[in-house]
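Each remark here refers to the structure printed beneath this line.
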Amino acid sequence: MRYDLVIFDNDGVLVDSEPISNRLLAAYLTELGHPTSYEDSLRDYMGAAMHRVHDLIEERTGERLPAHFDEVFHGRVFAAFERELRPVPGVVDVLEKLTADGVPYCVASSGSHERIRVGHRTTGLDRWFEDGMIFSAQDVGKGKPAPDLFLHAAQVMGVPAGRCVVVEDSPLGVRAGVAAGMDVVGFTAMTSADQLTGAGRLFSDMRELTGLLG
């Protein structure tokens, strides 16, 4: 293994949550009078922390989203997770391989700690991630595409940035990993390769990942 730490994004990389959350986000924004398609949501918000939704809506319309927006949205997402959420195909095999090889890994997500944990409990991935291996944009001042979250995760895990690799599926996450001075591999299951141009390597099937890290 050429790296001392593998940093996974969560949504779309560990859990197959992007279709669910972006469908619900588009519907809720439209419901509130901000017409948004599923494709719009993927383009503008995939991989971003919730503050980006608030910031973009206010910037574009001059209006603020309701104070209860996050609470209502997350309630809808968590309910849908219970019904629909699955781990990304092949990711358990990757985690088993890293564990067997003694390679440290963690998750660094734009989602809240609650969202990460709900997703992991629902899919059974919680057995692979202890509390000290979970990092959220809530832990830092700026979310992706700023490098703060990845740098924070590396520091807590005790690994220099140059010895880390980031596994990402969003343009914002790739930009954050590059800005952190880390190698980035881009997962193209939901995002086209041309949107992840900052990634050093690309793959479309999670079962390919361990071969890219060796």
Side-chain angles (χ1 to χ4, degrees), residues 1-22 42 46-48 85-111 115-117 119-120 122-130 132-136 144-145 147 149-154 156-214:
M1 177 66 66
R2 71 180 75 173
Y3 301 104
D4 295 333
L5 178 65
V6 180
I7 305 178
F8 291 96
D9 176 42
N10 188 57
D11 294 293
V13 171
L14 296 176
V15 295
D16 195 14
S17 53
E18 294 290 10
I20 299 170
S21 58
N22 281 282
L42 288 175
M46 182 174 167
L85 191 62
R86 300 290 184 272
V88 167
V91 78
V92 170
D93 294 335
V94 172
L95 296 173
E96 286 179 343
K97 175 66 172 169
L98 294 176
T99 300
D101 291 347
V103 179
Y105 62 87
C106 66
V107 57
S109 171
S110 293
R115 177 181 172 128
I116 298 167
R117 284 170 169 78
H120 286 190
T122 302
T123 58
L125 293 184
D126 54 339
R127 65 176 292 226
W128 300 101
F129 291 91
E130 299 174 359
M133 302 160 66
I134 298 175
F135 303 94
S136 161
K144 305 169 189 179
L149 176 56
F150 290 139
L151 292 173
H152 171 66
V156 173
M157 296 293 289
V159 178
R163 297 296 305 160
C164 299
V165 61
V166 170
V167 185
E168 266 287 355
D169 72 331
S170 76
L172 292 175
V174 170
R175 286 167 55 193
V178 172
M182 300 175 180
D183 282 357
V184 181
V185 289
F187 185 39
T188 60
M190 277 197 61
T191 311
S192 62
D194 63 338
Q195 292 180 282
L196 303 179
T197 52
R201 284 155 292 159
L202 301 170
F203 68 108
S204 60
D205 186 320
M206 188 55 68
R207 287 170 282 263
E208 302 171 37
L209 179 58
T210 52
L212 296 176
L213 301 181

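Note: hydrogens, waters and symmetry copies are ignored here, and every other heavy atom, side chains too, is used. Everything numeric here is computed off the predicted structure, so don't read it as measured data.
Atoms CZ and OG1, from Arg127 and Thr99 in turn, are 8.5 Å apart once rounded to the nearest 0.5 Å. Between atom CD of residue Gln195 and atom OG1 of residue Thr188 there is a gap of 10.5 Å, rounded to the nearest 0.5 Å. Taking NE2 of His120 as the reference point, atom CH2 of Trp128 lies at 13.0 Å (rounded to 0.5 Å). Atoms CD and OG1, on Glu18 and Thr191 in that order, are 7.5 Å from each other to the nearest 0.5 Å. Note that CG of Leu85 and CG of Leu125 are 8.5 Å apart. Values are rounded to the nearest 0.5 Å. Summarising the geometry, atom CZ belonging to Arg207 is positioned 12.0 Å from atom CG belonging to Leu209; distances are rounded to the nearest 0.5 Å.
Heavy-atom minimum distance, Ala48 versus Leu172: CB-CD1, 3.5 Å. Ala179 and Pro145 get closest at one heavy-atom pair: CB-O, 4.5 Å. The nearest pair of heavy atoms linking Ala108 to Ile7 is CB-CG2, 3.6 Å. Taking all atoms of both residues into account, the shortest heavy-atom contact from Gly47 to Lys144 is O-CD, 3.9 Å. What you find for Met182 and Val166 is that their closest heavy atoms are SD-CG2, 3.6 Å. In terms of heavy atoms, Cys164 sits closest to Ala154 at SG-CB, 3.8 Å.
For the pair Leu14 and Pro87, the minimum side-chain heavy-atom distance is 4.5 Å or more. By the 4.5 Å heavy-atom criterion applied to side chains, Asp4 and Met157 are not counted as neighbours. By the 4.5 Å heavy-atom criterion applied to side chains, Asp169 and Met46 are counted as neighbours. Using a 4.5 Å heavy-atom cutoff, the side chains of Asn10 and Val15 are in contact. Within the 4.5 Å cutoff, side-chain heavy atoms of Ser136 are placed close to those of Ile116. For the pair Arg117 and Phe129, the minimum side-chain heavy-atom distance is 4.5 Å or more.
Formation of a donor-acceptor pair under 3.5 Å by the Arg163 side chain with backbone atoms of Arg2 is found in this model. Within the 3.5 Å criterion, the main-chain N or O of Val94 finds no donor-acceptor partner in the side chain of Thr210.
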Criterion side-chain contact (heavy atoms from CB on, under 4.5 Å) on Leu42 and Met190, from CA distance to verdict:
CA-CA 9 Å; Leu42 288 175; Met190 277 197 61; 3.8 Å; yes
Output, in order, the C-alpha distance, side-chain angles, deciding distance and verdict of side-chain contact (heavy atoms from CB on, under 4.5 Å) for Phe8 and Val6.
CA-CA 6 Å; Phe8 291 96; Val6 180; 3.8 Å; yes
Does Val13 form a side-chain contact (heavy atoms from CB on, under 4.5 Å) with Met206? I'd like the steps, not just the answer.
CA-CA 8 Å; Val13 171; Met206 188 55 68; 4.1 Å; yes
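For the 3.5 Å distance criterion, the side chains of Ser17 and Asp11 qualify, holding a donor opposite an acceptor. Residues Arg115 and Ser21 bring a donor and an acceptor atom of their side chains to less than 3.5 Å of each other.
Ring orientation note: the planes of His152 and Phe135 are nearly perpendicular, at an angle over 60° on the 30°/60° scale.
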